[in-house]
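As C-alpha cells, the structure follows; a few thoughts come after it.
So you know, we letter chains A, B, ... as the sequences are listed, proteins then strands, and number each from 1.
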There are 2 protein chains.
Amino acid sequence: MTDALFPRLAIIGIGLIGSSIARAARLNGLVDDIAISDLSPVILKRAEELSLGDSYHAAAGDAVANADLVIACVPVGAAEAVAEAIAPRLKPGAIVSDVGSVKGSVVRQMKPHLPDNVQFIPAHPVAGTEYSGPDAGFAELFVNRWSIVCPDEDTEPGSLDRLVAFWAGMGANVECMSAERHDLVLAITSHLPHLIAYNIVGTAADLEKVTESEVMKFSAGGFRDFTRIAASDPTMWRDVFLHNRDAVLEVLGRFQEDLFALQRQIRWGEGDRLYDLFSRTRAIRRGILTLGQDAPEADFGRSHKAPSKPSSE
Amino acid sequence: MTDALFPRLAIIGIGLIGSSIARAARLNGLVDDIAISDLSPVILKRAEELSLGDSYHAAAGDAVANADLVIACVPVGAAEAVAEAIAPRLKPGAIVSDVGSVKGSVVRQMKPHLPDNVQFIPAHPVAGTEYSGPDAGFAELFVNRWSIVCPDEDTEPGSLDRLVAFWAGMGANVECMSAERHDLVLAITSHLPHLIAYNIVGTAADLEKVTESEVMKFSAGGFRDFTRIAASDPTMWRDVFLHNRDAVLEVLGRFQEDLFALQRQIRWGEGDRLYDLFSRTRAIRRGILTLGQDAPEADFGRSHKAPSKPSSE
Ligand SMILES: NC(=O)c1ccc[n+]([C@@H]2O[C@H](COP(=O)([O-])OP(=O)(O)OC[C@H]3O[C@@H](n4cnc5c(N)ncnc54)[C@H](OP(=O)(O)O)[C@@H]3O)[C@@H](O)[C@H]2O)c1
Ligand SMILES: NC(=O)c1ccc[n+]([C@@H]2O[C@H](COP(=O)([O-])OP(=O)(O)OC[C@H]3O[C@@H](n4cnc5c(N)ncnc54)[C@H](OP(=O)(O)O)[C@@H]3O)[C@@H](O)[C@H]2O)c1
C-alpha cells in the first residue's frame with residue numbers, strides 16, 4: 001500500500017499525450033499501477049518496450065477493469081468507440097476522463113454510454129508538440145501549462161478534487177469551465193491558429209509562380225513557424241474541426257472580417273491603421289510572456305550557433 | 001594594411017540587422033573599419049557603448065565618406081531619405097547596398113539619387129528575430145540562413161562577387177534573383193505569414209466572448225506561436241506592406257480563396273478533404289528540416305523543463 005492518489009490508472013491510447021501522462025504520473029508518484037491499451041498492436045508493443053506501464057491490453061475493457069482512474073487519450077472522433085468498449089468493465093466509483101481537444105462532442109459521445117456509478121469528468125491539457133506517438137511523449141509536457149477540467153451538474157466535488165490534484169501533481173495549472181466555454185476559448189487559442197497554419201502552407205505549396213524549393217529555402221522569413229503547426233497529426237486535427245465545427249466557424253468568420261479590413265488598408269495605403277494594429281498586438285505577446293506561457297528568448301530560443309540538422313524522423 | 005574584403009564599411013541604421021552585420025563583419029575579419037550612423041541619437045550612443053564600430057556619426061553623409069561598402073539598414077520607408085543623404089558624399093567605386101525586406105521599392109527609391117560612379121546592389125538577409133535595436137543583434141544571425149542579392153543589368157560582376165563574398169563571409173548562403181521575383185517570393189514566405197499573424201492576434205484581442213486573460217493563458221494550444229511574429233517592429237512591417245502592396249495582395253487573394261474552400265469543407269463535414277490537406281502540409285515541413293532551415297526538436301526546442309520566465313524587456 002502506498003498513498004498514491006489513484007492506485008490504478010488505465011490509459012486508453014498511448015500516443016503523445018497518453019505516454020506523457022504515463023511518464024508524469026509515474027515520475028510524480030501519483031499512481032501505483034498503470035494499465036495501457038491501444039488500438040494499434042505496434043504502438044502497444046512499443047509502449048511495452050518503453051516500459052510505460054505495468055500491463056498492456058489489446059482490449060480497452062481489459063485495461064479498465066479495476067482501474068480507479070481511466071483516461072481516454074485518443075483522437076476526438078474515437079471517443080464514442082472507447083466509451084462503448086470500456087463501459088461494461090468499469091469499476092464502480094471509478095473516475096473516467098479524457099484529454100480530447102474538443103469537449104462538448106466528447107461529452108455527447110461518451111456520457112450516454114457510461115454507467116451511473118462512475119464519475120465522468122472530461123479534461124484537456126493545453127500542451128503538446130507537433131509530434132505523435134509514444135516516443136514523442138515526455139514527463140515534463142504539462143509543467144506550467146494549463147489543463148482545463150470540465151465538470152457538470154453531476155460531478156461530485158470529491159472526485160473533481162482528485163482529478164484536479166492529479167493534473168496539479170504532474171505540474172499543470174488547472175482551470176475549470178464548462179465544455180461549451182472550453183470549445184469557444186480553444187477555437188481561438190488553438191483550433192483557428194492550426195486552421196490558418198494548414199491553410200497558408202497549402203497556399204504556398206499550390207502557388208504556381210513560386211517553387212516549393214524557394215518556399216522552403218526562404219522560410220526563415222516567418223513561414224517556417226507555420227509549418228511546424230501544420231505538421232501536426234492529420235487525424236487528430238481532422239477530428240477537431242469536424243467535432244468543434246460551430247465554434248471554429250464562428251471565430252473563422254471574425255478572422256475573415258478582420259482580414260478583409262486589413263486587405264483594404266493595404267490597398268489604400270492606410271499606414272497609420274496598419275501601425276496601430278501592429279502595435280496593439282505586441283501587448284498580447286507581453287502578457288503571454290508575463291504569464292510564463294512562452295519563452296522570451298528571441299526566435300523561441302532557436303539555436304543560431306550552428307546549422308540545425310534534421311532528425312531521422 | 002590587412003586583406004579585409006572591404007577596408008571601410010559604413011552602416012546606416014544600427015538596429016537589429018545593422019548591429020548584427022557590424023558584429024559579424026568584425027568577427028569574421030571582413031572589414032578593417034566600421035563607421036556607424038543612426039537617425040536616433042540615443043541609439044547611436046548605445047551603439048558606441050556596445051563598441052559596435054570605430055566611428056559614430058549623426059549625419060549619414062559623414063559616415064559614408066571614404067567607405068568602400070555602405071549598407072542601409074533602415075525601414076524600407078526610409079530608403080529614399082538615406083539615398084539623398086549619402087549620395088553627395090559617396091566615394092567613387094563604392095558599393096551601396098541595403099537589407100530591406102522589400103526590394104523593388106528600395107530600388108525605385110534609391111537608385112535615381114545615386115551617382116553613376118558607385119555600384120548599387122540591393123540585398124536582403126532572410127534572417128531576423130522579433131526584437132529590434134542594437135542590443136538585439138548578434139554575430140551568428142546570418143549563419144546558414146539565405147541572403148538574397150538582387151543585381152540588375154548595370155551590376156559589374158566584380159562588385160557583385162565582392163558583395164556575395166561579404167554575405168558568405170558572415171555565414172550566409174547567397175542566392176541572386178531580380179528585385180521583382182524577390183518581392184513575390186518573400187510575399188509568400190514572409191510578408192503574408194506576418195500579415196496573418198498580426199490579423200489573428202488582433203481578432204483574438206477583439207473577440208468580446210473570450211477574455212484577453214483566457215487568450216493568454218491558453219495560448220500554448222498554438223496561438224502563442226503567432227504572437228511572437230506579431231510582436232515584430234510595427235514601423236518595419238507597416239513599411240513592408242505599404243511598399244510591397246501588389247505582391248502581398250496577390251498572395252493574400254490566393255490565401256483567402258483557399259480559406260473559403262477549407263471553411264466549406266468544415267461546414268459540410270468533408271473529413272477526407274481536411275485529412276488530405278493536413279497530410280500534404282507535412283511534406284513542406286520535412287523539406288524545411290532537410291534544408292536545415294528550422295530546428296527539428298519538438299516545439300522549436302522550447303524548454304519544457306522549468307517555467308519560462310519573462311525577460312525584463
Ligand atoms: N497532440 C497534441 O498536441 C494534443 C494536445 C492536447 C490534447 N490532445 C488530444 O489528445 C488526444 C490524443 O492525441 P495524441 O497527440 O496523443 O495522439 P497520438 O499520438 O496519435 O495517439 C493517439 C493514440 O490513440 C490510439 N487510438 C486511436 N483510436 C483508438 C481506440 N478506439 N482505442 C484505443 N486507442 C486508439 C491511436 O492508435 P492508432 O495510431 O492505431 O490510431 C494512437 O496510438 C486527442 O484527442 C487530441 O485531441 C492532443
Ligand atoms: N527585423 C528583421 O527580422 C529583419 C530581417 C531582414 C531584413 N530586415 C530589414 O532590415 C531593415 C532594418 O530592420 P531592423 O529590424 O534592423 O530595424 P531596427 O532594429 O528598428 O533598426 C532600424 C534603425 O534605423 C534607424 N533609422 C530609421 N530611419 C533612418 C534614417 N533615415 N537614417 C538613419 N537611420 C534611420 C532607426 O532609428 P529610429 O529608431 O530613430 O527610427 C533604427 O535605429 C528593414 O528594412 C527591415 O525590413 C529586418
Side-chain angles (χ1 to χ4, degrees), chain A residues 126 129 131 140 144-146 185 188-190 193-194 199 201-204 210 214 216-224 227 230-231 234 237-238 241 254-255 258-259 266 271 274-275 277-279 281-282 284-285 287-296 298-300 302 304 307-308 310-311, chain B residues 126 129 131 140 144-146 185 188-190 193-194 199 201-204 210 214 216-224 227 230-231 234 237-238 241 254-255 258-259 266 271 274-275 277-279 281-282 284-285 287-296 298-300 302 304 307-308 310-311:
Chain A
V126 185
T129 80
Y131 294 112
E140 300 80 12
N144 201 36
R145 296 282 88 86
W146 287 85
V185 171
I188 185 69
T189 65
S190 178
H194 276 80
N199 194 67
V201 178
T203 300
V210 179
E214 285 172 318
M216 297 188 294
K217 265 179 175 171
F218 307 120
S219 62
F223 181 74
R224 62 180 177 167
T227 65
W237 284 99
R238 176 200 63 199
F241 295 115
R254 283 292 291 264
F255 175 88
D258 294 342
L259 192 55
I266 294 174
L274 296 176
Y275 186 90
L277 171 67
F278 301 170
S279 307
T281 49
R282 303 186 111 176
I284 299 257
R285 176 71 182 170
I288 288 172
L289 296 183
T290 303
L291 288 176
Q293 292 304 306
D294 205 349
D299 219 5
F300 303 119
R302 277 182 180 114
H304 283 272
S308 352
S311 73
Chain B
V126 186
T129 80
Y131 295 110
E140 301 81 10
N144 201 37
R145 296 283 87 85
W146 287 84
V185 171
I188 184 70
T189 66
S190 178
H194 276 79
N199 193 66
V201 178
T203 300
V210 179
E214 285 172 319
M216 296 188 293
K217 265 178 174 171
F218 307 119
S219 62
F223 181 74
R224 62 178 175 167
T227 65
W237 284 99
R238 176 201 62 198
F241 295 114
R254 283 293 291 265
F255 174 86
D258 293 344
L259 192 55
I266 292 174
L274 296 176
Y275 187 91
L277 172 66
F278 301 170
S279 307
T281 48
R282 302 185 113 176
I284 299 257
R285 176 73 183 168
I288 287 172
L289 297 183
T290 303
L291 288 176
Q293 291 304 306
D294 205 349
D299 220 3
F300 302 120
R302 277 186 182 110
H304 283 272
S308 349
S311 74

Using a cut-off of under 4.5 Å on heavy-atom pairs, state which of Gly222(A), Pro234(A), Ala231(A) scores highest against chain B.
Pro234(A)

Given the options Asp258(A), Leu277(A), Leu274(A), which has more heavy-atom pairs under 4.5 Å with chain B than any of the others?
Asp258(A)

Spacing of OG1 belonging to Thr281(A) relative to CH2 belonging to Trp237(B), to within rounding of 0.5 Å:
12.0 Å

Smallest heavy-atom separation, Tyr131(B) atom then Leu289(A) atom, equals OH-CD1, 4.2 Å

Write down the atom of Leu291(A), the atom of Met216(B), and the distance for their closest heavy-atom approach.
CD1-CB, 3.6 Å

Are any non-hydrogen side-chain atoms of Val201(B) and Arg282(A) less than 4.5 angstrom apart?
no

I need the residue from Phe223(B), Phe300(B), Phe241(B) with the largest number of non-hydrogen atom pairs under 4.5 Å to chain A.
Phe300(B)

When rounded to the nearest 0.5 angstrom, what is the spacing between CZ in Arg224(B) and CD1 in Ile288(A)?
9.0 Å

As an exercise, state the distance from OG of Ser219(A) to CD1 of Ile284(B), rounded to the nearest 0.5 Å.
9.5 Å

Largest heavy-atom contact set with chain A, pairs under 4.5 Å, which of His194(B), Arg238(B), Arg285(B):
Arg285(B)

How long is the span from the CG atom in Leu259(B) to the CG atom in Asn199(A), to the nearest 0.5 Å?
4.5 Å

Do you know which of Gly271(B), Pro193(B), Ser190(B) has the most heavy-atom pairs under 4.5 Å to chain A?
Pro193(B)

In Å, rounded to the nearest 0.5 Å, how long is the span from CD of Glu214(A) to CD1 of Ile188(B)?
11.5 Å

Just verifying a value: how many Å separate Thr129(B) OG1 and Arg302(A) CZ, rounded to the nearest 0.5 Å?
11.0 Å

Would you check if the side chain of Thr189(A) reaches a backbone N or O of Phe218(B) as a donor-acceptor pair within less than 3.5 Å?
yes

Nearest heavy-atom contact between Arg145(A) and Ala220(B) is CD-CB, 3.6 Å

